Asker: 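Have a look at this one.
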Amino acid sequence: MRSLASQEVAISMVYPIMKTIAHQGYDPEHFAAYASFDNRLLQDVEARISGEELERLMLAAAAYTKDEYFGLHQGQITEFADLGILGYVMMHGRTIEQALEAYRRYNVLLCSGFNLNWEVQGDEARIRMFLQGAGRLTRHCVEDMASSLYRLIGRLSNRKLQLREVRFAHEAPADREPYAGAFGLLPRFGEEENVLCLSREVLAYPILYADARLYGIFEGIAQETLDTWSRGRAFSEQVVRWMHDCMPSHLPTLQQTAASFGTSTRTLQHKLKEEDTSFQDLSVRVRKELAMGYLRRKEYAIGDIAYFLHFSEPSAFQSAFKKWTGLTPGQYRAQAIEEVRKA
């Protein structure tokens, strides 16, 4: 089962956060410093971060802007360009259903685990938003996804859509009124799933500016990108998932990893090098992702986390974490707790 920490997110998913911060009148560069985010990552279009890091940035943005509905508001200003090539494929499908199918198929290019599916029951279509594998989408992330989907479907069809129901798995905030402005109704909270319910007729609505020729071109680019990404990242991501599964019982060695994949250490290192990474890089990544996850949970003492991650002593963990993030474990925990409190 994949955790939020092991989900991969394209660095381009940080752009909408920065755009929303600027839209609310704040300085994105100042926010980056506040959130301990390295802005240089935005210069590398191929960079990817963990789903947990995206969640952390969303929470930090909510705290920084003092906007308790940051994800909801971010979704309300989403543009097709924010989705990259996926957005252009959606724009030129024949119908809303074809656009949703493109989202389902190519969203992995943006987020490896966040996705949607839909079903028709009677005269109703139910669009379900979920985190693939395990876990739940966090409040700001799912509200961003829901409000952006509602906005984009409306823009594709050039119609005012009447949602029948909105369901969220998270609990309701104190003030529900902002949701009425976003969706035209008040959602139900504390449900089993995150769902947008609308008339099944919406799926057949034609897309206003559909162009079959452009659809073919953009889908071809999206499929080629997906194939390249899948080939280029498949092996290293398999290794990362396997290492996550091994922890905290043991931190696998290079030899153990090679044996698990039925190959020699030399071949394993060569395959990782072809993907511009190394076994050491992946070990650091897994430890960092797990450390950040554990530190966000108050029940784990920092000494226990050092033990879980197989450091020789807490001071070694403290030094490593400071090198990874620029913060001590205690500073990171305090900041994460404060962000959750304010969000």
Side-chain angles (χ1 to χ4, degrees), residues 71-80 82-83 85-133 135-170 172 176 178-212 215 218-219 222-223 226:
L72 185 74
H73 293 150
Q74 178 171 303
Q76 289 182 277
I77 62 170
T78 295
E79 301 293 344
F80 288 102
D82 294 330
L83 305 183
I85 188 62
L86 166 59
Y88 293 106
V89 178
M90 293 178 70
M91 285 173 62
H92 294 290
R94 289 183 299 102
T95 65
I96 296 300
E97 186 163 26
Q98 193 171 34
L100 290 175
E101 178 58 35
Y103 189 106
R104 186 195 63 77
R105 186 184 309 128
Y106 300 118
N107 193 50
V108 68
L109 297 174
L110 299 176
C111 308
S112 66
F114 302 71
N115 216 322
L116 61 78
N117 58 27
W118 62 94
E119 62 179 3
V120 173
Q121 291 192 0
D123 66 345
E124 186 171 84
R126 299 175 182 175
I127 302 173
R128 173 176 167 260
M129 298 156 288
F130 59 93
L131 182 65
Q132 247 168 297
R136 286 185 168 183
L137 289 166
T138 53
R139 180 190 157 200
H140 289 293
C141 289
V142 75
E143 290 182 2
D144 170 33
M145 191 174 181
S147 59
S148 63
L149 272 173
Y150 176 54
R151 169 179 167 80
L152 294 177
I153 292 172
R155 296 195 66 190
L156 286 170
S157 63
N158 198 35
R159 304 192 191 199
K160 178 65 176 177
L161 299 179
Q162 295 295 322
L163 289 169
R164 295 186 174 184
E165 193 173 58
V166 178
R167 302 178 202 160
F168 286 129
H170 55 271
R176 305 186 189 190
Y179 298 99
F183 299 115
L185 51 75
L186 295 179
R188 290 167 50 183
F189 294 89
E191 298 290 314
E192 291 186 5
E193 298 180 316
N194 303 298
V195 181
L196 296 178
C197 300
L198 36 73
S199 169
R200 67 177 298 172
E201 293 178 355
V202 173
L203 298 178
Y205 283 173
I207 293 177
L208 185 62
Y209 301 112
D211 184 318
Y215 179 83
F218 289 130
E219 187 184 38
Q223 188 61 52
L226 178 60

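The model shown is predicted, which means the values in this text are computed figures rather than measured ones.
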Asker: Quick one: CD on Gln74 to CE on Met145, what's the gap to the nearest 0.5 Å?
Answerer: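 Nearest 0.5 Å value for the CD-CE distance: 13.0 Å.
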Asker: Go through the structure and list residues passing ring-ring contact (aromatic ring centres under 6.0 Å, His included) with Phe218, not counting sequence neighbours.
Answerer: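 For Phe218 the ring-ring contact (aromatic ring centres under 6.0 Å, His included) partners, ignoring immediate neighbours, are Tyr88, His92.
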Asker: Under the side chain to side chain contact (heavy atoms under 4.5 Å, CB included) rule, collect the residues that match up with Val142, sequence neighbours excluded.
Answerer: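 Val142: side chain to side chain contact (heavy atoms under 4.5 Å, CB included) contacts with Leu137, Phe168, His170, Asn194.
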Asker: Residues two or more places apart in sequence or in another chain: which of them pass salt bridge (charged side-chain N to carboxylate O under 4.0 Å, His left out) with Glu119?
Answerer: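 By the salt bridge (charged side-chain N to carboxylate O under 4.0 Å, His left out) rule, Glu119 matches no residue at all.
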Asker: Which heavy atom in Leu161 sits nearest to a heavy atom in Ser157, and how many Å separate them?
Answerer: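 For Leu161 and Ser157, the tightest heavy-atom pair comes out as CD2-OG, 4.2 Å.
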Asker: Find the distance between CG (Asp123) and CZ (Arg164) and round it off to the nearest 0.5 Å.
Answerer: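 Spacing of CG (Asp123) from CZ (Arg164) equals 4.0 Å.
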Asker: So, for Arg151 and Gln76, which heavy atoms are closest and what is the spacing to 0.1 Å?
Answerer: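 It is CD-O, 3.2 Å.
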Asker: If the condition is side chain to side chain contact (heavy atoms under 4.5 Å, CB included), which residues does Glu219 pass it with, not counting sequence neighbours?
Answerer: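 Glu219 satisfies side chain to side chain contact (heavy atoms under 4.5 Å, CB included) with Val89, Arg105, Tyr106, Tyr215 once adjacent residues are dropped.
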Asker: With sequence neighbours left out, what residues match Arg104 under side-chain hydrogen bond (donor to acceptor under 3.5 Å, both in side chains)?
Answerer: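 Arg104: side-chain hydrogen bond (donor to acceptor under 3.5 Å, both in side chains) contacts with Glu101.
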Asker: Report yes if the side chains of Leu196 and Met129 come closer than 4.5 Å at any heavy-atom pair, otherwise no.
Answerer: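 The answer is yes; the side chains approach within 4.5 Å.
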Asker: Under 3.5 Å, which donor-acceptor pairs link side chains of residues 200-211 to any protein atom two or more places apart or in another chain?
Answerer:
unit_1	atom_1	unit_2	atom_2	d
Arg200	NH1	Gly122	O	3.0
Asp211	OD1	Arg213	N	2.9
Asp211	OD1	Leu214	N	3.1

Asker: Please find the pair of heavy atoms, one from Leu86 and one from Ala102, that lie closest to each other, and give the distance.
Answerer: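 Reported closest heavy-atom pair: CD1-O, 3.4 Å.
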Asker: Test the Arg176-Tyr179 pair against the cation-pi criterion, namely NZ or CZ under 6.0 angstrom from the six-membered ring centroid and within 45° of the ring axis.
Answerer: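 Verdict for Tyr179: no cation-pi partner in Arg176.
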Asker: Once rounded to the nearest 0.5 Å, what's the spacing between atom CD1 of Ile127 and atom CG of Leu198?
Answerer: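 Here the rounded value is 5.0 Å.
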Asker: Might you point out which heavy atoms bring Pro178 and Leu72 nearest each other, and give the distance in Å?
Answerer: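 Reported closest heavy-atom pair: O-CD2, 3.8 Å.
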Asker: Look only at the side chain of Tyr150 and the backbone of Gly75, and say whether a donor-acceptor pair between them is shorter than 3.5 Å.
Answerer: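 No, the answer is negative, given that no donor and acceptor are paired below the 3.5 Å cut-off.
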Asker: Return the minimal non-hydrogen interatomic distance between Leu83 and Met90, and the atom names on each side.
Answerer: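 Taking every non-hydrogen atom into account, CD1-SD, 3.9 Å.
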Asker: What residues, two or more places apart in sequence or in another chain, satisfy side chain to side chain contact (heavy atoms under 4.5 Å, CB included) together with Arg167?
Answerer: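 Residues passing side chain to side chain contact (heavy atoms under 4.5 Å, CB included) with Arg167: Arg126, Glu165, Arg188, Glu191, Val195, Cys197.
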Asker: If you take all heavy atoms of Gly71 and Ser147, which pair is closest and at what distance?
Answerer: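 The pair with the smallest heavy-atom distance is O-OG, 4.0 Å.
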Asker: Only counting residues at least two apart or in another chain, list the ones meeting salt bridge (charged side-chain N to carboxylate O under 4.0 Å, His left out) with Glu97.
Answerer: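 For Glu97 there are no salt bridge (charged side-chain N to carboxylate O under 4.0 Å, His left out) partners, ignoring immediate neighbours.
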Asker: Go through the structure and list residues passing side chain to side chain contact (heavy atoms under 4.5 Å, CB included) with Thr78, not counting sequence neighbours.
Answerer: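 Counting only residues at least two positions away or on another chain, Thr78 forms a side chain to side chain contact (heavy atoms under 4.5 Å, CB included) with Asp82, Asp144, Ser148, Leu152.
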